[in-house]
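Before any comments, here is the structure.
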Amino acid sequence: MALSVEEIEAAMIAKAEKSPKPQLYIKDFYACAPDMKPREVKKIANALVTKGKLMFWSSGSTTMYAVPSRIKDEEK
Amino acid sequence: MGYDPKNPMEGRITDLGPKYYGDMLPPVIKENKGKWLYHEILEPGVLVHVSETGAKVFTVRCGSPRLVTVSYVRDVCDVADKHCDGHVRWTTRNNIEFMVDAEEKVGPLKETLKGYGNSFPIGGTGASVSNIVHTQGWVHCHTPATDASGPVKAVMDDLFEYFTSMKLPAQVRIALACCLNMCGAVHASDIAILGIHRTPPMIDHERITGVCEIPLAIAACPLGAIKPAKAEVNGEEIKTVKVNNERCMFCGNCYTMCPAMPLADPEGDGIAILVGGKVSNAKSAPKFSKLVVPFLPNTTPRWPETVEVIRNILEAYAKGAKKYERVGEWAERIGWEKFFEETKIPFTDKSIDDYRLAYDTWRTTAQFKFTSHTAAYTK
Amino acid sequence: MAKHETPLLDELEKGPWPSFVTDLKRQAETKPECWDILGQLELSYKDRITHWKHGGIVGVFGYGGGIVGRYSDVPAQFPGVEHFHTVRIAQPSGLYYTTENLRALMDLWEKYGSGVTNMHGSTGDMIFLGTRTENLEPLFWDLTHDLGQDLGGSGSNLRTPACCLGESRCEWACYDSQEICNHLTQHYQDEIHRPAFPYKFKFKFSACPNDCVAAIARSDFSVIGTWKDNIRIDQAAVKEYMADNAEYPSNGGAHKGGDWGPFDIQKEVIDLCPTQCMWMEGDELKIDDAECTRCMHCINVMPRALRPGAEKGASILIGAKAPILDGAQFSTLVIPFIEVNKESDFEEVIDVIEKVWDWWMEVGKNRERVGETMQRVGLPTFLSVMEVEPLPQHVKEPRSNPYVFWKEEEVPGGWDRDVKEFRKRHAA
């Protein structure tokens, strides 16, 4: 039974909130939607950024995802 | 109305992409796209392309420093408005090209360009040293081992006569990358100027907790020289890393991933010279550049050691190579042992590969030339 | 902002090559923060080390690329460069501009930034060098609303595709490199602006094997023009070259400054052909096209006599990268010939791209370029992923070790054997 987009989104946010380090690679989200192609997973993650639930974290050469509140904590 | 910080999403436009190139083309280019028959370089920096329709486009190519200001680009626009109906283009090697549709327009265009002093040197065509492609260096980058715009200026000042002429055996492509990340992808250039570090990273234990993901820093090392460690900071034990300095190859990849591992150093950093690369498939296959000078110091402001080495290589090549032979083709024909003899570059163990796939570069034949290097065996 | 003394940089105002220092000083008259750029650079020349800090988390909302954060490590001394972020502006394919567009871009950058640019960055974007975080959104607003254009790529995104000038001004173009470059840039806006991949991914389009954008050295996905029929020969023009007619200079006039003597077709063309597939028959130049590897040398030398064939297209090579970390790689030939077809919206090329992506996004490790993934799994595995039959053209030479990874189904009877049965015939 494939997961709904809402269920996948919730799983992604939960993963980003609970992971030991705040920044996640896109690959870390693949497990949240095991039946989907990586490009579909990426679209869901990027849509979460547009909704403000996740944010991009970039080193310049590599881009990762994070929950905004956890990044603000680190900035302090 | 412009951006409203209170309603950042209202009326927001995204994903437009670049301007359509078709709207940027000069009329003579647009009308003859796909119809060009042949071209000729009339003189250094001036080309003509002839269409099957009989139309011709004349191009005047000028060097530029790549690092340019709004004022400089407006000067370019003034020239293009005056002579080229408001069109201009850049080449992939940071040259500026002004195009006109009749031969009699070339002279006045060149006169205008000369009126801008040193701003727009005409050249960079054919068997010349064209403009150097390069990276940011100290003017903008956080990982450089040398500056970019400064050494480029010094080298181009010295090689200026080769930019404005076409007397070399073939085109010579020089490129500079200010660290081993090689944003400039210099690894397939006739002469590559490469910023290198020689000091292993320091560990900033007080910073590492906030700014680094320790597993990423450890994984960043291609030689496994970084290991997890503990340190005491303000009486508290923290998780950090340690570096096995003996294994460090100074690539800086750890610093890219972890700001608490800086490795830049005024004495340690400098320039390596690699030669003999090429990109074009013409005659021989594309080749990587090979390391011939392992280290030259960052002697600011004009890098005289680097300038001298490059001139030596270029002059030895100009003297020894046959027409059409690129630097790497010349070095392979005469043999690298002869390359070192002709250029008077001391050969050191640093030029012998001991990284991955090194064996591919070791000599596994009894064929070689006797040179000054083998004198101890032949005297 | 105070003017700084720059005795070291002043040395770079000497000499015939255009001086970026002179240019920056002139700009500082109207953009005082340029004094702080010069001041900090002078300090770097004195200290022989960079004074920029590691990047930071900046961007425009919803985009994961196009902006690279940069901060000074001496902001008290040089407040004008405290924030000095880079903005990448996607370039028009082939780097042609109208002055109207260029002036509008310069006005925008004068308003929101330092007034310093790169024409262009290594990947091909126009680079705006140095602005503050609070200027990013207003700049992006004006860029999209007033100029109708957009940012380029950075980070783990598709980087802004780049091409040679192709058919617009080159007789050797074997396909319309600008058109496909522009089309795919528009088609993949999402991948350019928002992270999509384990690491960066670059397309470069060179319309002939001379490869003026260095696609084979710098791009994960290199599309290099070629042809499948015969080199077109104009025998009358060959005779003009052989007669040393001044209107037919060798190499399109590229050697005019050297003292190379009269043109010698045998020495300069026929003997330098890497496959030795050319010869003279009387005063006619003959080419055995079946032996030709389309290197371009003869065409480069005699552009008025020789042209690429008429049945044109491209080869696709995959996996180039700079040396970080395991060493530099050139792209490897995967598709020997493909039509690059605007009528089909380049569907044939898009199919190949998406096959690579679907596989690499799954199998590629974090921060692993596709060329490294190919090395890790091996070319045979990669070819089977790409659904491409292995060809001798995929290798320079066959392997010299015998360690083939045989699959069970390739061995009659399979691998499932009974050691007890074996021992009945072969005592231990």
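Letters A, B, ... are given to chains in the order of the sequence lines, protein chains preceding strands, and every chain is numbered from 1.
- In terms of heavy-atom pairs under 4.5 Å with chain B, the best-connected choice from Leu165(C), Thr293(C), Val21(C) is Leu165(C).
- Using a 4.5 Å cut-off on side-chain heavy atoms (C-beta onward), Tyr96(C) and Lys30(B) make no contact.
- Neither the backbone nor the side chain of Cys164(C) comes within contact range of chain B; no heavy atom of the residue lies under 4.5 Å from a heavy atom of that chain.
- Thr6(C) and Glu42(C) form no side-chain donor-acceptor contact under 3.5 Å, judged by distance and modelled atom types alone.
- For Thr22(C), no part sits under 4.5 Å from any heavy atom of chain B, backbone or side chain.
- Only the side chain of Arg307(C) comes within contact range of chain B, with heavy atoms under 4.5 Å apart.
- Contact annotation for Ser71(B): both backbone and side-chain heavy atoms come within less than 4.5 Å of a heavy atom of chain C.
- For a residue to count as touching a neighbouring chain, one of its non-hydrogen atoms must lie under 4.5 Å from one of that chain's; by this rule His39(B) touches chain C with backbone and side chain alike.
- For Asn182(C) and Tyr20(B), the side-chain atoms include no donor-acceptor pair closer than 3.5 Å.
- Counting all heavy atoms, side chain and backbone alike, Ser331(C) lies closest to Ala320(C) at OG-N, 3.1 Å.
- Proximity to chain B is absent for every atom of Tyr248(C), based on heavy atoms less than 4.5 angstrom apart.
- At a 4.5 Å heavy-atom cutoff, the contact between Glu268(C) and chain B is made by backbone and side-chain atoms alike.
- The choice from Thr59(B), Asp269(B), Val28(B) that makes the most heavy-atom pairs within less than 4.5 Å of chain C is Thr59(B).
- Here Glu161(B) pairs with Lys167(B) in a salt bridge; the nearest charged N to carboxylate O distance falls below 4.0 Å.
- A salt bridge is defined here as a Lys NZ or Arg NE, NH1 or NH2 lying under 4.0 Å from an Asp or Glu carboxylate O, and Arg74(B) with Asp107(C) meets this definition.
- In this structure, chain C has no heavy atom under 4.5 Å from any part of Pro5(B).
- Contact tally against chain C (heavy-atom pairs below 4.5 Å) for His134(B), Met249(B), Lys287(B), Arg93(B): the top residue is Lys287(B).
- Heavy atoms of Arg70(C) lying under 4.5 Å from chain B belong exclusively to its side chain.
- Looking only at heavy-atom pairs under 4.5 Å with chain C, the residue among Pro8(B), Ala318(B), Cys178(B), Pro169(B) that has the most is Pro169(B).
- For the set Thr185(C), Asn300(C), Asn101(C), the entry with the most heavy-atom pairs within less than 4.5 Å of chain B is Asn101(C).
- Between the side chains of Arg367(C) and Asn253(B), a donor-acceptor pair is found at a separation under 3.5 Å.
- Within the 4.5 angstrom heavy-atom criterion, only side-chain atoms of Glu97(B), from C-beta onward, approach chain C.
- Checked against the 6.0 Å centroid criterion, the rings of His255(C) and Tyr324(B) qualify as a close aromatic pair.
- Interface residue Phe160(B): only side-chain heavy atoms are found under 4.5 Å from chain C.
- Tested against Met119(C), the residues Ile96(B), Asn94(B), Val73(B) include a single side chain to side chain contact (heavy atoms under 4.5 Å, CB included) partner, Val73(B).
- Checking Lys31(C) against Thr69(B) by side-chain atom types alone, no donor-acceptor pair falls below 3.5 Å.
- When heavy atoms are compared at a cutoff of 4.5 Å, Ile216(C) approaches chain B solely by way of its side chain, counted from C-beta outward.
- Between chain B and the options Ile37(C), Ile324(C), Asp23(C), the largest number of non-hydrogen pairs under 4.5 Å is found for Asp23(C).
- Between the side chains of Asp150(C) and Tyr63(C), at least one donor-acceptor pair of N or O atoms lies under 3.5 Å.
- Each of His49(B), Lys19(B), Arg66(B) has some count of heavy-atom pairs under 4.5 Å with chain C, and the biggest count is that of Arg66(B).
- A salt bridge links Arg12(B) with Glu137(C); the closest basic N to acidic carboxylate O contact falls under 4.0 Å.
- Put simply, the side chain of Glu171(C) reaches to within 4.5 Å of the side chain of Pro303(C), judged on heavy atoms.
- Looking at Ala173(C), there are no atoms closer than 4.5 Å to chain B (heavy atoms on both sides), in backbone or side chain.
- Ranking Val213(C), Val60(C), Asn118(C), Leu147(C) against chain B, the residue ahead of the rest is Asn118(C), based on heavy-atom pairs under 4.5 Å.
- Separation of the Tyr21(B) and Tyr97(C) ring centroids does not fall under the 6.0 Å cut-off.
- Both the backbone and the side chain of His140(B) come within less than 4.5 Å of a heavy atom of chain C.
- Proximity to chain B (any heavy atom under 4.5 Å) is shown, for Pro16(C), by both the backbone and the side chain.
- Both the backbone and the side chain of Leu12(C) come within less than 4.5 Å of a heavy atom of chain B.
- With a 4.5 angstrom heavy-atom cutoff, Ser149(B) touches chain C via backbone and side-chain atoms both.
- With respect to Lys256(C) and Glu40(B), a salt bridge is recorded, a charged nitrogen being found less than 4.0 Å from a carboxylate O.
- Proximity to chain C (any heavy atom under 4.5 Å) is shown, for Asp78(B), by both the backbone and the side chain.
- Using a 4.5 Å cut-off between heavy atoms, Asp23(B) contacts chain C through its backbone alone, with no side-chain atom that close.
- A salt bridge does not link Glu11(C) with Arg302(B): none of the charged nitrogens is closer than 4.0 Å to a carboxylate oxygen.
- Among the candidates Ala188(B), Ala154(B), Cys141(B), the residue making the largest number of heavy-atom pairs closer than 4.5 Å to chain C is Cys141(B).
- Of the atoms belonging to Ala220(B), it is backbone heavy atoms, and not side-chain ones, that fall under 4.5 Å from chain C.
- By number of non-hydrogen pairs under 4.5 angstrom with chain B, the leading residue of Ile89(C), Val116(C), Thr117(C) is Thr117(C).
- In terms of heavy atoms, His87(B) sits closest to Met24(B) at ND1-O, 3.0 Å.
- Of the atoms belonging to Phe163(B), it is side-chain heavy atoms, and not backbone ones, that fall under 4.5 Å from chain C.
- Counting heavy-atom pairs closer than 4.5 Å to chain B, the top residue among Gln178(C), Met296(C), His193(C) is Gln178(C).
- Using a 4.0 Å cut-off between charged nitrogen and carboxylate oxygen, Asp176(C) and Lys33(B) count as a salt-bridge pair.
- Neither the backbone nor the side chain of Leu216(B) comes within less than 4.5 Å of any heavy atom of chain C.
- Taking 4.0 Å as the cut-off between side-chain N and carboxylate O, Arg218(C) and Asp211(C) do not count as a salt-bridged pair.
- For a residue to count as touching a neighbouring chain, one of its non-hydrogen atoms must lie under 4.5 Å from one of that chain's; by this rule Glu247(C) touches chain B with the backbone only.
- Glu52(B) and Asn32(B) share no donor-acceptor pair across their side chains, judged by distance under 3.5 Å alone.
- For the residue pair Arg48(C) and Glu267(B), the shortest heavy atom distance occurs at NH2-OE2, 2.6 Å.
- For Gln171(B), no part lies under 4.5 angstrom from a heavy atom of chain C.
- Contacts between Lys278(B) and chain C at a heavy-atom distance below 4.5 Å involve the backbone alone (N, CA, C, O).
- Among Met182(B), Met156(B), Lys35(B), the residue making the largest number of heavy-atom pairs under 4.5 Å with chain C is Met156(B).
- Of the two parts of Arg304(C), the backbone and the side chain both hold a non-hydrogen atom closer than 4.5 Å to a non-hydrogen atom of chain B.
- For Leu41(C), the part sitting under 4.5 Å from any heavy atom of chain B is the side chain, from C-beta outward, and nothing else.
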